Amino acid sequence: MSDIQVVLAHADARAEQTVTTGTKAWELFKDSPDVIAARVVGASVADGALKDLAYELVDGDVIEPVTIESTDGRDILRHSTAHVMAQAVQELFPEAKLGIGPPIQDGFYYDFDVETPFVPEDLVRIETKMRKIIKENQRFERRPISDADAINELQDEPYKIELIGLKGGGHAGDGDAEQEIAEGASVEVGAGELTIYDNINRKGEVAWKDLCRGPHLPTTKRIPAFKLMRSAAAYWRGDEKNKQLQRIYGTAWETKEALDEHLHRIEEAERRDHRKLGRDLDLFSFPDEIGSGLPVFHPKGGVIKRAMEDYVRERHIAEGFDYVGTPHIAKEGLFHTSGHLPYYGEGMYPALDVDGMDYRLKAMNCPMHNLIYRSRQRSYRELPLRLFEFGHVYRHEKSGVIHGLTRVRGFAQDDSHSYVTPEQAPAEVEHLLNFMISLLRDFGIDDFYLELSTRDASKDKFIGSDEDWAAATKVLEDVAVATGLELVPDPGGAAYYGPKISVQARDAIGRTWQMGTVQYDFNQPSADRFNLEYVAADGTRQQPVMIHSAKFGSIERFMGVLVEHYAGAFPPWLAPVQVQGIPIAERHNDYLLELAQKMKAQGLRVEVDLSDDRMQKKIRNAQLQKVPFMVIAGDNDVEAGAVSFRYRDGRQDNGVPLDEAIARVAAAVESREQV
RNA sequence: GCCGCCUUAGCUCAGUCGGUAGAGCGAAUCACUCGUAAUGAUUAGGUCAUCGGUUCGAUUCCGAUAGGCGGCUCCA
């Protein structure tokens, strides 16, 4: 037995230590109960690799404790909890085959192939079984294994064997094996050597085992708090051609309190849900009689929608766009020319037979705009030519994806198409992207990132040559990178006609939605499609590039995200009712009605509560409606020629002279500030 | 589209082990005229989503359809 040198890194401090060979990581941390794993940043292993606490130190290791409440620590906790869940499931349902079980944002899941899908009562039983396993304090024990031995040992787990095969890249012609593995599967097999984790019970027997890269908690008892959330089906390896497995979602936290806080955050988020607020605030609804995914806007929602549209229209015109208008349906041939029917056909509503001719509802506005472009000969002097409208499109979305305003079947795009020379394209992309981002900021949306959707060469849903795609992608990527915003790649996510940059915004519960897009299209203008041309300076006919861009993406979706962003408490310029007049007694009604008239004359949206409720109740109602300004008038105010302000946060400002009250509201609306 | 769950008054939800239903909020009416988040009383609201089956009888059990919710796949 000899000595080895390791460095114990802790926060900023680094301490060199001499230990004997065979020393385990946990022995360095035995005084820190929160430590559940080790991060090794030494020369001998990959940078930042996470190890079990039972990891045997080697000479030169730089080792750092990983605590349970850190990001890595929580992932390890959740991954281990997923294992416990899988063990419980297999004990209760011995025929269940294991899929994958990775940690995810705020929790984990595990997929199982079972005959009958899980029902809520099953989750209760599984939870109970999990508590029992946790109590038993089973030890997670790592065991390296060769591919051949693993395949032999896991004969009863076909999905695990499939993963081992993928890892080995054994499928000729499958392309990059790593890419083929579904998201999350790397947690099971990773790269390099395979390992199995055995769960050892008190008697020293293997109670359960799973193919897994780890690391894991030392024992099951180190799981402080968990909860199973829901079950759902999920396609094996994320491909709808594969079998559906039954997925159980759960969450796990370092303390009971952290779990409770998490559950509380979910409840809070549900209160912001635009579907609920849309009903509570009387903004919009989805009448069954109209059809799934087809919203109607009530007067108050209509105000918000119009405020959004007015502002966006104004900004587009200021940015050099020409406002145009196009119909909702067209003869089918148009969408053959554009490529929509062959490449996007399943997203379109079936044809309407009109006098023996097939018409289609449009799913995109570009073909119509192309016809406007083509309506006469264009000169290079006209370019960039920017056509813009609120184009209503209809998409036959699969029934299971409809979701409030954020995923509908009929919606308005604030859609534009810029026709430019190839040389002008980069500057126009930049112009559009910056314009889009500035609009988002004007609406107070700041939690978003960019996504670059590209073609997937292995799929045939794309038109055009590789070279053109590469060039177009480069233009978009350069501009996107220049914004300095987070940019996430999305291979295979492009439209059939060209790559796209999109803005991804989050909703109340963290789901992301695609908002605005900028798409570079060299296909639709081509000779075999719309054959768009312009006359260049030298008199030759050239083909323009068209750049599609929807700034909000869809008015409907954007409103849904806005509602959640503000939790219904809109800034005054967007608020359906900007001012709620509250008379203290009936004799103050006329005083406030007169003020309301003056405010309305200035274009403000004001209502006076003439009900015979008590003023406390009127305040409560206005508060629940999240009206930004309440102006209250009683005897004192009438006498002073003033009103009393109350804001949404309960702040009040009494004795404000009438003219100042009007000016104050008008200024807040004008500046588009939040109050 | 796929898997699971759900659908009772305008909203949120009870309830009926098969004998046609209740509450709170909201609405209407009356009284009260009130100073910063709920005044009191009275009344009216339901073919228990729709259609079919089983049954003496279905809101309840079964099936189909529609719509919703949570995921998966897809997407603005």
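Every value quoted in this text rests on a predicted model; they were computed, and no experiment measured them. Just so it is clear: chains get the letters A, B, ... in the order the sequence lines come, proteins before strands, and each one is counted from 1.
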Scan [X] against the nucleic acid and name what it touches under 4.0 Å (heavy atoms): base, sugar-phosphate only, or nothing.
X: His588(A); answer: nothing
X: Asn654(A); answer: base
X: Asp637(A); answer: base
X: Val408(A); answer: base
X: Asp635(A); answer: base

Item checked: Donor/acceptor link under 3.5 angstrom from Glu289(A) side chain onto base of A66(B) ->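 Side chain to base: no pair below 3.5 Å.
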Note to self: So, under a plain 3.5 Å distance rule, would you say the side chain of Asp280(A) forms a donor-acceptor pair with the base of C11(B)?
What the structure shows: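 No.
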Treating [X] as the side-chain partner and [Y] as the backbone partner, does any N or O pair qualify as donor plus acceptor under 3.5 Å?
X: Glu127(A); Y: Leu228(A); answer: yes
X: Lys500(A); Y: Gly498(A); answer: no
X: Arg407(A); Y: Val401(A); answer: no
X: Thr81(A); Y: Ala252(A); answer: no

For [N], give the paired nucleotide (Watson-Crick: N1-N3 plus N6-O4 or O6-N4; G-U: N1-O2 and O6-N3; both under 3.5 Å), or none.
N: U16(B); value: none
N: C2(B); value: G71(B)
N: G40(B); value: C30(B)
N: C11(B); value: G24(B)

From C-beta outward on [X], which listed nucleotide comes closest to its side chain: [options]?
X: Arg614(A); options: C69(B), C34(B), C74(B); answer: C34(B)
X: Tyr249(A); options: A76(B), G71(B), A37(B); answer: G71(B)
X: Ala233(A); options: G1(B), G70(B), G71(B); answer: G71(B)
X: Arg275(A); options: C75(B), C69(B), C72(B); answer: C69(B)

Check: Of Ser399(A) and Ser554(A), whose nearest nucleotide on RNA chain B comes first from the 5' end?
Finding: Ser399(A)
Checklist line | Residue whose nearest RNA chain B nucleotide is more 5′ - Arg620(A) or Thr517(A) | finding: Arg620(A)
Checklist line | Phe411(A) ring over A76(B) six-membered base ring, under 5.5 Å and 30° | finding: yes
Notebook entry, point to check: Is any side-chain nitrogen or oxygen of Lys617(A) closer than 4.0 Å to OP1 or OP2 of G26(B)?
Noted result: yes
Notebook entry, point to check: For Arg247(A) and C2(B), is the shortest distance between a side-chain N/O and OP1 or OP2 below 4.0 Å?
Noted result: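 No.
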Next item on the list: Kindly label the base of G45(B) as syn or anti, based on whether its glycosidic torsion lies within 90° of 0.
Entry: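 Syn for G45(B); the angle stays within 90° of 0.
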Checklist line | Side-chain touch Phe558(A)/Lys551(A), heavy atoms, less than 4.5 angstrom | finding: no
Notebook entry, point to check: Could Arg409(A) and Tyr394(A) be counted as a cation-pi pair, given that NZ or CZ must be under 6.0 Å from the ring centre and within 45° of the axis?
Noted result: no
